[in-house]
Amino acid sequence: MPKDQLIGIIIMLVMAGIFAFLSFRSFKEKGFLFNNAYLYATEEERKTMNKKPWYRQTAIASCLLSVACILMVLHIIFDNKIFLILQVITIIGAVLYAIISSVIITRRENK
C-alpha cells in the first residue's frame, strides 16, 4: 500500500473517531453544543433555548459523518466504487438531514 494511501487512511480514521466521539457526547447531551443555532444565539437565547433537539441533530449528523469517513477508508483499502457511492449518499443524507431538521426544530420553537 502506498504511503499516501496509508496517510489518507489514518487521517480518515482519526476524523471518524472525532465524529463518533462528538456524536456519543451529543447523544448524552454533554459537552459543548457544536450547532449553528447555539453558536449564533445570544447569551439570553442560549439560557432559554431547549438544547435537546439541537444536541440530537448534532449527534445524528456527526454519526453520519463518522460513517462517511469509515466508508472512505473502505474505498481506499478495497478500491471498490460501491464504497465511494455509499459515502456520497451518506454525506448528502447528512446535509439534507441537517437542513430539514433545522427547519422542523425552528418551526416547533416558534409555535
Side-chain angles (χ1 to χ4, degrees):
M1 178 175 295
K3 186 178 179 180
D4 59 337
Q5 285 184 338
L6 186 60
I7 292 170
I9 289 171
I10 292 169
I11 290 171
M12 285 294 114
L13 286 175
V14 168
M15 288 178 61
I18 291 169
F19 283 127
F21 178 75
L22 177 61
S23 178
F24 177 77
R25 297 277 296 173
S26 293
F27 273 123
K28 295 271 191 183
E29 296 181 21
K30 303 282 184 191
F32 187 77
L33 180 55
F34 289 99
N35 194 295
N36 282 344
Y38 182 77
L39 294 173
Y40 291 124
T42 64
E43 283 297 321
E44 291 176 14
E45 291 172 329
R46 287 181 183 183
K47 290 176 184 175
T48 61
M49 77 187 302
N50 179 13
K51 295 179 190 82
K52 185 172 184 151
W54 300 111
Y55 268 116
R56 179 178 158 84
Q57 180 195 46
T58 301
I60 292 172
S62 297
C63 184
L64 289 171
L65 292 175
S66 179
V67 169
C69 290
I70 291 170
L71 288 169
M72 175 59 92
V73 169
L74 294 173
H75 172 66
I76 293 170
I77 292 172
F78 297 113
D79 195 26
N80 190 334
K81 296 225 187 269
I82 191 70
F83 293 117
L84 181 62
I85 293 167
L86 290 172
Q87 178 194 7
V88 170
I89 291 169
T90 305
I91 291 171
I92 290 171
V95 170
L96 288 175
Y97 171 76
I99 293 169
I100 293 168
S101 64
S102 290
V103 170
I104 291 170
I105 294 168
T106 304
R107 282 185 181 170
R108 285 183 187 160
E109 285 183 350
N110 291 334
K111 283 187 177 183

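Since we're looking at a predicted model, the values are computed, not measured.
Here the CD1-CD1 distance, from I89 to I85, works out to 7.0 Å after rounding to the nearest 0.5 Å. One finds the CE atom of M49 at 8.0 Å from the OH atom of Y38 (value rounded to the nearest 0.5 Å). For the atom pair SG of C63 and CZ of F27, the computed distance is 6.0 Å after rounding to the nearest 0.5 Å. Here the CD1 atom belonging to I70 is positioned 12.0 Å from the CZ atom belonging to F83, to the nearest 0.5 angstrom. The CD atom of Q87 sits 10.5 Å away from atom CD1 of I92, with the distance rounded to the nearest 0.5 Å.
When atom types are taken as modelled, the side chain of S102 and the backbone of A98 share a donor-acceptor pair closer than 3.5 angstrom.
Between A16 and C69 the shortest heavy-atom distance is CB-CB, 3.7 Å. Listed here is the closest heavy atom pair of T58 and S26: CG2-OG, 3.6 Å. Nearest heavy atom pair, residue Y55 against residue G31, reads OH-O, 2.6 Å. Heavy atoms only, all atoms of each residue included: I105 and P53 are closest at CD1-O, 3.6 Å. Looking at every heavy atom in both residues, A94 comes nearest to L65 through CB-CD2, 4.3 Å. Across all non-hydrogen atoms, the minimal contact from N35 to A37 is OD1-N, 3.0 Å.
Under the 4.5 Å side-chain heavy-atom criterion for Ile, Leu, Val, Met, Phe, Trp and Tyr, L64 and I99 are members of distinct hydrophobic clusters. Taken together through direct or relayed side-chain contacts under 4.5 Å among Ile, Leu, Val, Met, Phe, Trp and Tyr, F19 and I9 form part of one hydrophobic cluster. L74 is not connected to L84 by any chain of hydrophobic side-chain contacts under 4.5 Å among Ile, Leu, Val, Met, Phe, Trp and Tyr, and they are in different clusters. Linking ILVMFWY residues whenever their side-chain heavy atoms come closer than 4.5 Å, directly or via other members, places F78 and I11 in the same cluster. Side-chain heavy atoms closer than 4.5 Å link hydrophobic residues (I, L, V, M, F, W, Y) into clusters, and following such links, possibly through other members, connects V67 to L13.
Between Q57 and Y97 there is a side-chain heavy-atom pair separated by less than 4.5 Å. In this structure, the side chains of F32 and L39 come closer than 4.5 Å at one or more pairs of heavy atoms. With contacts defined as side-chain heavy-atom distances shorter than 4.5 Å, the pair R46/L33 does not qualify. Side-chain contact between H75 and L71 is absent, with no heavy-atom pair separated by less than 4.5 Å. Between F21 and R25, the closest side-chain pair of non-hydrogen atoms falls below 4.5 Å.
The number of heavy-atom neighbours closer than 6.0 Å to CZ of F24, taken from other residues, nucleotides and ligands shown, is 12 or below.
By the 4.0 Å N-to-carboxylate-O rule, E44 lies too far from K47 to be salt-bridged with it.
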